[in-house]
Amino acid sequence: QAQRLVVNAVLAVALGGAVGSVARFGLNTFAIRLLGTTFPWGILVVNVLGCLAMGIIAAVYLQKSNSQDSMSLFLMTGVLGGFTTFSAFALDALKLSQSGANGSAILYVLGSVVLSLVAVFVGFALVKAFA
C-alpha cells in the first residue's frame, strides 16, 4: 500500500513536470517569435502565470486539506514545478507571511533573489575562470 502510494506520487509529479516543461517551452517560444529576444518576456509571463495558478490552486485545493494527493502533486509540484519553480518560491513566501512570520518571509524573498543571482554569477565566473 505505502509503496503504491509512492509510485503514484512519483508518476503524478513526473507526468505533471513533463506537461509543465513543455508548456513553458511553448509559451517562451511563442513570446520570442512575437516579441523578440531583447527582453525575456516569455519567462516573465511564465513566472507570473505560474504564480497566479499556484495561488488559485493553493486557495481552492489546499484550503480543503493539508495532505497532498496525486492531483495536488500533479498540479502543484509537477505541472507548476515544470512550468516554473518561481511559483513554488512564491507559495513558500506566502505561507511564511500567512503564518505571521513576515520577517522570515521578507528575509526568504530577499535572500532567495540575491543569493540566487550571486550564485549564477559565481557559477558562470568559475566556469570561465577554469575553462
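For the numbers below, each heavy atom of this structure counts, side chains included, while hydrogens, waters and symmetry mates do not.
A donor-acceptor pair is defined here as one N or O able to donate and one able to accept, closer than 3.5 Å; no such pair exists between the side chain of Ser21 and the backbone of Ala18. A donor-acceptor contact shorter than 3.5 Å links the side chain of Arg24 to the backbone of Gly82.
Leu80 places none of its side-chain heavy atoms less than 4.5 Å from the side chain of Leu75. Under the 4.5 Å side-chain criterion, counting only non-hydrogen atoms from C-beta, Phe83 is not in contact with Val19. Between Leu52 and Ile56, the closest side-chain pair of non-hydrogen atoms falls below 4.5 Å. Taking 4.5 Å as the limit, some side-chain heavy atom of Met76 sits within range of a side-chain heavy atom of Leu91. Between Val122 and Leu126, some side-chain heavy-atom pair lies under the 4.5 Å cut-off.
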Open item on the list: Is there a side chain to side chain contact (heavy atoms under 4.5 Å, CB included) between Leu11 and Val7? Walk through the geometry before answering.
Closed with: CA-CA 6 Å; Leu11 290 174; Val7 169; 3.9 Å; yes
- [ ] Please step through side chain to side chain contact (heavy atoms under 4.5 Å, CB included) for the pair Val22 and Phe25, ending with a clear verdict.
- [x] CA-CA 5 Å; Val22 170; Phe25 173 77; 5.6 Å; no
- [ ] Would you check, one step at a time, whether the test side-chain hydrogen bond (donor to acceptor under 3.5 Å, both in side chains) holds for Ser97 with Asn102?
- [x] CA-CA 5 Å; Ser97 179; Asn102 291 322; 3.0 Å; yes
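Each of Ile43 and Leu27 belongs to its own hydrophobic cluster when Ile, Leu, Val, Met, Phe, Trp and Tyr are linked at side-chain heavy-atom distances under 4.5 angstrom. With hydrophobic clusters built from ILVMFWY side chains whose heavy atoms lie under 4.5 angstrom apart, Leu34 shares a cluster with Val48. Cluster membership check: Phe39 shares its hydrophobic cluster with Phe30, using side-chain heavy-atom separations under 4.5 Å among Ile, Leu, Val, Met, Phe, Trp and Tyr. Linking Ile, Leu, Val, Met, Phe, Trp and Tyr whenever their side-chain heavy atoms come within less than 4.5 Å puts Val109 and Leu117 in one cluster. Hydrophobic clustering, with ILVMFWY side chains joined whenever heavy atoms are under 4.5 angstrom apart, keeps Leu107 apart from Val113.
Rounded to the nearest 0.5 angstrom, Met71 CE and Ile57 CD1 are separated by 10.0 Å. Between the CD1 atom in Ile32 and the CG atom in Leu35 there is a gap of 9.5 Å [rounded to 0.5 Å]. Put simply, OG on Ser87 and CG on Asp92 are 10.0 Å apart, with the number rounded to the nearest 0.5 Å. Rounding to the nearest 0.5 Å gives a distance of 13.0 Å between CZ of Phe86 and CG of Leu49.
Note on residues 42-51: pairs passing side chain to side chain donor-acceptor pair (under 3.5 Å), not counting sequence neighbours, are Asn47-Thr84.
Of all non-hydrogen atoms in Leu96 and Ser104, the two that sit nearest each other are CD1-O, 3.9 Å. Residues Gly42 and Asn28 approach most closely at CA-OD1, 3.4 Å, considering heavy atoms.
For the side-chain contact (heavy atoms from CB on, under 4.5 Å) criterion with Phe89, the lone passing option out of Cys51, Ser116, Ser112 is Ser112.
Summarising the local packing, CZ of Phe121 is surrounded by 12 or fewer heavy atoms from other residues, nucleotides or ligands at distances under 6.0 Å.
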